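Here is the structure we will look at, set down as structure tokens.
Just so it is clear, the structure is predicted and the values come from calculations on it, not from any experiment.
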Amino acid sequence: GIWSDEHAEAIRPTVDFIRGQGCVPGIQLAHAGRKASCRPPNVERPGAPLTAADAKEFSPGPWETVAPSAVSAGGPFPT
């Protein structure tokens, strides 16, 4: 991922190469949507919202998620 200026500078050679080939570089933004800040599917209580106690096992710990509506992603996932 790119989340600091240092990361952006590290991929500059790749961007320069892409541009040198006459192409426009792009990046795909990933998001978890309503499933963000939830326990992974392969652990106990899958999909349950992360708690402060989970922060030791799952980094980063819990954070507030924001969705465009109050519609749940289903199952135990929060809205």
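Between Pro62 and Thr51, the shortest heavy-atom contact is CD-O, 3.4 Å. Listed here is the closest heavy atom pair of Val24 and Ile18: C-CG2, 4.2 Å.
Taking the side-chain hydrogen bond (donor to acceptor under 3.5 Å, both in side chains) definition, one finds that Glu44 meets it with nothing, sequence neighbours left out.
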Which donor-acceptor pairs under 3.5 Å do side chains of residues 10-17 form with protein atoms, sequence neighbours excluded?
| from | atom 1 | to | atom 2 | distance (Å) |
| --- | --- | --- | --- | --- |
| Arg12 | NE | Glu9 | OE1 | 3.3 |
| Arg12 | NH2 | Glu9 | OE2 | 3.2 |

